[in-house]
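Here the structure is laid out as structure tokens; the discussion comes afterwards.
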Amino acid sequence: MRKSMLTAGMLLLIAMASCQQPEKQVTVPGRPASIGLVGDSANVNTPVKGGVVLIGGGGNVNSAFQWMINRSGGGDVVVLTASGNGGYNVEIDSLGKVNSVETLNITSRELANNDTVAYIIRNAEMLFIAGGDQSRYMNQWRGTKVNDAINYLLQEKKAPVGGTSAGCAVLTGWYYSGEGGSAVSDSVLANPFDSLVTLYNNDFLHAPYLKDVISDQHYLKRHREGRHVTFMSRIVKDAGIYPKGIAPDEKTAVCIDENGMATVYGVSKAIFLQTDSTKGPESCEKNRPLEWNHGGAAIKVYEIQGSDTGSGTFSVADFDPAKASGGAWYWWWVENGQLKKKQAL
């Protein structure tokens, strides 16, 4: 009797463990660019709530994925990549109840103009753009049916859309393409017209509230503050527009809700930069160090330390300082090609 009871108990534990295993990834025929799907390939329609998530790369932010899943209504999740990164499906599926998670590896303009690929994206209730090389996204997706489908989710369907690293870079109206190589702070501060400073203006994705924003990623980890400020100086110089900046560090996410209010999730900081139309760069010239000083008060900066449950608030809708909470204000300026910072009093 004891032996049979133990055997039954062991069988029950095995059955329970089996039920708790994540769903397996499969390949579904007839879905171009698909490199794997978890869940049900049949389309569902769930109520969605808009939002944009900017992740700084260097690792996932599970709480940010859960934020998007909650806004998806448990519908279909689509991940986009151009580098064969198929590792998100099982992970996202494990973080909340969704109908499916599918990754599309869109590596050519032919695939980006495929009607089925665009259909899959348009019918997503949540979209996530993986990291990689944003110049691939620009060159292979811009001006295609995939481009239109992503903007449909952002502007009309108002489903949650996020991106990490390269995926984060292309979600803002102004973006740095990274073509030709990655710009380094010291080099571009010394010469704002370095050939690696390649910027584009609202010709790709159109996320709410981000038209005049340029993002940067891996921010503090890779010391990219100087290049970000240089990008902003070039926008002022070349376009006469005084941009705003949003910059999440690695493993950190800025989650922007449908009203344009941002909260920071993750282990490091997110930085919000605000320029002033009365304080343009004193010198932004080829082969000369950037000068953007104004008595040590050129750019107003707000830093928020992220957390797993979300920290701080910042109004991306209008960058109104009165609506910021949970962080600290700083002044940044550039003196003879050197970025400097001080806490605002």
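Below, each value reflects all heavy atoms present in this structure, side chains not excepted, and no hydrogens, waters or symmetry copies.
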Minimum heavy-atom distance between [X] and [Y], given as atom pair plus value:
X: Trp333; Y: Lys341; answer: CZ3-C, 3.8 Å
X: Thr252; Y: Val267; answer: OG1-N, 3.9 Å
X: Leu189; Y: Gly337; answer: CB-O, 3.4 Å
X: Ile69; Y: Lys97; answer: CG2-O, 4.2 Å
X: Asn85; Y: Thr103; answer: O-CG2, 3.5 Å
X: Met232; Y: Gly245; answer: CE-N, 3.7 Å

May I ask you to say whether [X] pairs ionically with [Y], meaning some side-chain N is under 4.0 Å from a carboxylate O?
X: Asp115; Y: Lys145; result: yes
X: Arg31; Y: Glu102; result: yes
X: Lys323; Y: Asp318; result: yes
X: Lys221; Y: Glu250; result: no
X: Asp276; Y: Lys300; result: no

When rounded to the nearest 0.5 angstrom, what distance separates [atom1] in [X] from [atom2] in [Y]?
X: Asp212; Y: Ile235; atom1: CG; atom2: CD1; answer: 9.0 Å
X: Ile304; Y: Ser311; atom1: CD1; atom2: OG; answer: 8.0 Å
X: Asp186; Y: Asn191; atom1: CG; atom2: CG; answer: 13.0 Å
X: Thr198; Y: Glu179; atom1: OG1; atom2: CD; answer: 4.5 Å
X: Trp67; Y: Met126; atom1: CH2; atom2: CE; answer: 10.5 Å
X: Asp320; Y: Phe314; atom1: CG; atom2: CZ; answer: 8.5 Å

I'd like to check [X] versus [Y] (side-chain heavy atoms, cut-off strictly below 4.5 Å). Are they in contact?
X: Ile214; Y: Lys244; value: no
X: Met68; Y: Phe128; value: yes
X: Ile55; Y: Val53; value: yes
X: Ile271; Y: Tyr302; value: no
X: Glu291; Y: Asn336; value: yes
X: His206; Y: Lys211; value: no
X: Arg227; Y: Ser182; value: yes
X: Asp203; Y: Tyr175; value: yes

Does atom CD of Glu282 have more than 12 heavy-atom neighbours, drawn from other residues, nucleotides or ligands, at distances under 6.0 Å?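 Atom CD in Glu282 is packed in, count exceeds 12.
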
Within a reach of under 6.0 Å around CD of Glu110, are more than 12 heavy atoms found that belong to other residues, nucleotides or ligands?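 Atom CD in Glu110 is not packed in, count stays at 12 or less.
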
Checking side chain to side chain donor-acceptor pair (under 3.5 Å) for the pair Ser135/Ser177: CA distance, chi angles, key distance, verdict? CA-CA 5 Å; Ser135 68; Ser177 70; over 6 Å; no

Please step through side-chain contact (heavy atoms from CB on, under 4.5 Å) for the pair Leu205 and Leu153, ending with a clear verdict. CA-CA 10 Å; Leu205 302 184; Leu153 295 182; over 6 Å; no

Examine distances only and state if a side-chain atom of [X] and a backbone atom of [Y] form a donor-acceptor pair shorter than 3.5 Å.
X: Arg71; Y: Val48; result: no
X: Gln140; Y: Arg109; result: no
X: Asp308; Y: Tyr265; result: no
X: Asn60; Y: Asn62; result: no
X: Asp76; Y: Asn43; result: no
X: Asn105; Y: Ile35; result: no
X: Asn89; Y: Gly36; result: yes
X: His294; Y: Gly280; result: yes
X: Tyr176; Y: Ala183; result: yes
X: Thr144; Y: Asn147; result: yes

Transitive ILVMFWY side-chain link [X] to [Y], under 4.5 Å:
X: Tyr137; Y: Val78; result: yes
X: Ile120; Y: Val101; result: no
X: Leu127; Y: Tyr209; result: yes
X: Ile241; Y: Phe231; result: yes
X: Ile92; Y: Val52; result: no

Mind checking whether Tyr219 and His228 have parallel, tilted or perpendicular rings, split at 30° and 60°? perpendicular

In terms of ring plane angle, is the pair Phe319 and Phe272 parallel, tilted or perpendicular, where the classes change at 30° and 60°? perpendicular

Does [X] qualify as a cation-pi partner of [Y], given the criterion of NZ or CZ under 6.0 Å from the six-membered ring centre and within 45 degrees of its axis?
X: Arg234; Y: Phe193; value: yes
X: Lys157; Y: Tyr152; value: no
X: Lys279; Y: Trp292; value: no

Quick one: which of Val188, Thr275, Val301, Ile299 gives a side-chain contact (heavy atoms from CB on, under 4.5 Å) with Val229? Ile299

Run the numbers on Val79 and Leu104 for side-chain contact (heavy atoms from CB on, under 4.5 Å), then give the verdict. CA-CA 6 Å; Val79 179; Leu104 304 178; over 6 Å; no

Might you work through the side-chain contact (heavy atoms from CB on, under 4.5 Å) test for Glu258 and Lys158, ending with a clear yes or no? CA-CA 8 Å; Glu258 71 277 16; Lys158 299 188 186 304; over 6 Å; no

Thr107/Arg136 under side chain to side chain donor-acceptor pair (under 3.5 Å): CA gap, chis, key distance, verdict: CA-CA 8 Å; Thr107 57; Arg136 290 187 182 183; over 6 Å; no

Step by step, work out the side-chain contact (heavy atoms from CB on, under 4.5 Å) result for Thr263 and Val254. CA-CA 6 Å; Thr263 304; Val254 176; over 6 Å; no

